[in-house]
Amino acid sequence: MDFWQRYRAIDARDTRFDGQFFTAVSSTGIYCRPSCPARTPKAENVTFYETSAAAHEAGYRACKRCLPEAVPGTPAWNLRSDIAGRAMRLINDGVITREGVDGLAHRLGYSARQLNRILSNELGAGPISLARASRAQTARTLLVSTDMLLADVAFASGFNSVRQFNDTIGEVFAMTPTAVRATAAKSSQRRGTAVPSGMAPAALTLNLPYREPFDPGIFDFLAVRSIPGIEVASTLPDGTRTYARTLRLPRGSASFSVAYQAASPGKPLQLTATAVDVHDLPTLLSRVRRLFDLDADPQAIDSALAADPRLNASVGAIRGIRVPGAVDPQELLVRAMIGQQITVAAARTALTQLSAAGSRMNSATPGLERLFPTAAELAENGREFLRGPQRRIDSIMAAAEAMATGELEFGYGDDLESLERKLLPLPGVGPWTVGYAAMRVLGAPDVFLANDAAVRNGLKVLPAAAGLAADFSEVSPWRSYTTMHLWRAAAVKFPRSDRPKHEGRERATAPNTRDVRERPPQARGT
């Protein structure tokens, strides 16, 4: 977007752009979200910044009226595959807090000095400032959503000391942490809502901001693929959709649940974290947001997809579709390799058997008593629990052993090119597997899995349109969302044995069965 496009957005107070850029006003010395209700400033007094950290570095403070930190993140970090986008994905995952700037630079293949120069040029702030802005945003979320002790909020947000926490909150918000909490309480009273109280640090409940519309079909997607003992999904009598699971975080294991209340005012999406180390909260928040694709811009995506006559009816029926992310990249690769050749039910059975290799954990949530096995656990005991063709078992074990030894390292800081370079040499991994991992691990928005069996079935359901590209290039860069629409169409049309698993089936498991499918030439060797 150029200057005047952004200026028109703030003049219209368009909420779609909240979090995607920040408006700094030289005459007031503050920065705002695009939808700030204050009077639109004169154009000559306005500077736009990609990040709140850049605005703060330029000497501006956050607006107390619109609270620019209380917004969804920008989808740009998934859209961008450059160093800035990759760095921001890792910063949001807490890499700087755990490994420092040197650790972040090493993951990206640069020196700390080079990385600082690149991010300063691209985003207007260096890695430390960007990490501080991320911590301030997490701190504000905890201050307004919980009654945690301020010291707990400080360490949960990634600060090394209470003094550093107080200084940063004062610089960014021009208020003390206590004042930030009090302001939020008054705002909640005006809206008729309440700030949760009585929550101990071991059990926190937070509201997750997102851009509407939000399609709850993502809960169905996760539910039919949930592994008993590790994941639980349900629909409550009042229509509330829930999904809960266990996972490993840098400092230990945890469990969380997410509830979507479509019938409640504001349609809140609420996260409850249980038995989590406070230092892991920023990482947990980042990964849950990635899992539910909460930084997406659904109106922009739906508008682009609806322009394609093949997708128009599907988009009209399903507003705000999301691409599910991954809370653990290594787990996602194993699940993809197991599920790429079999049906949903068969893959779930295989993964349930494999989950016995994982360690047990105590969880307050019924049905959550086990963690998905680590790569080391799979390398040691995986063969005991894996079933199926020997070639597939060997491929999964080879991947587990490579991840366990550190020979294979991949994650949120990769781009599609580096992901291909790392995964394609693995036996049993082909272009489809890489594309699927890019969708879910990287959040890549422009992946079209043309050779996926469910995609091909979905294409049969959609109306034909002459003269349009078979790979849906007209709707780029949102083809991952096209894939989700096609999967949804296939699930409705082929609800039982004919429905492929979401990871697709690049080839049939065996000939002469009811569910035989042609093996696409591009999938050979996977």
Side-chain angles (χ1 to χ4, degrees), residues 52-53 56 61-62 64 67-71 91-98 128 131-191 193-209 244 246-259 268-289 361-365:
S52 60
H56 184 261
R61 66 165 177 82
K64 297 179 182 180
L67 302 175
E69 308 296 333
V71 295
I91 289 171
N92 290 336
D93 195 54
V95 167
I96 285 185
T97 301
R98 298 191 298 271
I128 292 178
R132 183 173 66 168
S134 179
R135 292 174 191 144
Q137 185 172 10
T138 301
R140 186 202 166 277
T141 299
L142 296 176
L143 286 170
V144 304
S145 301
T146 75
D147 65 351
M148 289 173 64
L149 296 175
L150 296 184
D152 289 333
V153 172
F155 294 115
S157 306
F159 293 98
N160 294 322
S161 68
V162 174
R163 180 176 180 178
Q164 185 186 61
F165 164 68
N166 289 332
D167 290 346
T168 299
I169 296 300
E171 290 177 14
V172 173
F173 300 109
M175 290 188 285
T176 64
T178 302
V180 171
R181 175 168 281 170
T183 301
K186 292 178 182 178
S187 177
S188 297
Q189 291 172 0
R190 287 196 299 268
R191 294 193 302 267
T193 59
V195 176
S197 61
M199 301 299 296
L204 299 173
T205 299
L206 310 169
N207 285 330
L208 300 171
T246 62
L247 78 162
R248 287 182 181 81
L249 293 169
R251 289 177 176 263
S253 59
S255 62
F256 71 86
S257 65
V258 175
L269 193 67
Q270 200 168 63
L271 166 70
T272 300
T274 307
V276 58
D277 187 304
V278 292
H279 296 85
D280 280 333
L281 272 173
T283 301
L284 176 63
L285 285 169
S286 174
R287 295 190 182 184
V288 171
R289 294 194 65 82
M361 70 168 286
N362 295 322
S363 172
T365 305

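Start at 1 with the first residue, then count along the sequence.
- Around CG of L208, the count of heavy atoms belonging to other residues, nucleotides or ligands within 6.0 Å exceeds 12.
- Taking P282 as the reference, T138 meet the side chain to side chain contact (heavy atoms under 4.5 Å, CB included) condition, with sequence neighbours excluded.
- Remark: F159 pairs with F165 by the ring pair (Phe, Tyr, Trp, His ring centres under 6.0 Å) rule, at least two apart or across chains.
- Listed by chain and number, the residues in a salt bridge (charged side-chain N to carboxylate O under 4.0 Å, His left out) with R287 are D93 (sequence neighbours excluded).
- With sequence neighbours excluded, no residue satisfies salt bridge (charged side-chain N to carboxylate O under 4.0 Å, His left out) with D277.
- Annotation for T205 and T146: closest pair O-CG2, 4.1 Å, computed over non-hydrogen atoms.
- Closest heavy-atom contact between S157 and L142: OG-CD1, 3.9 Å.
- For T283, the side chain to side chain donor-acceptor pair (under 3.5 Å) partners at least two apart in sequence or on another chain are R98.
- Looking at V276 and F256, their side chains never come closer than 4.5 Å, going by heavy atoms from C-beta outward.
- Considering OG1 of T141 and CG of N207, their distance stands at 10.0 Å, rounded to 0.5 Å.
- Judged as a side chain to side chain contact (heavy atoms under 4.5 Å, CB included), and not counting sequence neighbours, the contacts of V71 are D18, R33.
- Pairs of residues two or more places apart, or lying in two chains, that qualify as salt bridge (Lys or Arg N to Asp or Glu O under 4.0 Å) and include a residue from residues 246-256 are R248-E377.
- For A131, the side chain to side chain contact (heavy atoms under 4.5 Å, CB included) test picks out I91, I96, R135, with sequence neighbours left out.
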Residues 166-175 side chain polar contacts: donor-acceptor under 3.5 Å, at least two apart:
| from | atom 1 | to | atom 2 | distance (Å) |
| --- | --- | --- | --- | --- |
| N166 | ND2 | V162 | O | 3.4 |
| T168 | OG1 | Q164 | O | 2.9 |
| E171 | OE1 | R132 | NH1 | 3.1 |

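- Considering every non-hydrogen atom in both L271 and V288, the closest pair reads CD1-CG2, 4.1 Å.
- Separating the CG atom in L143 from the CG atom in L150 is a distance of 6.5 Å, to the nearest 0.5 Å.
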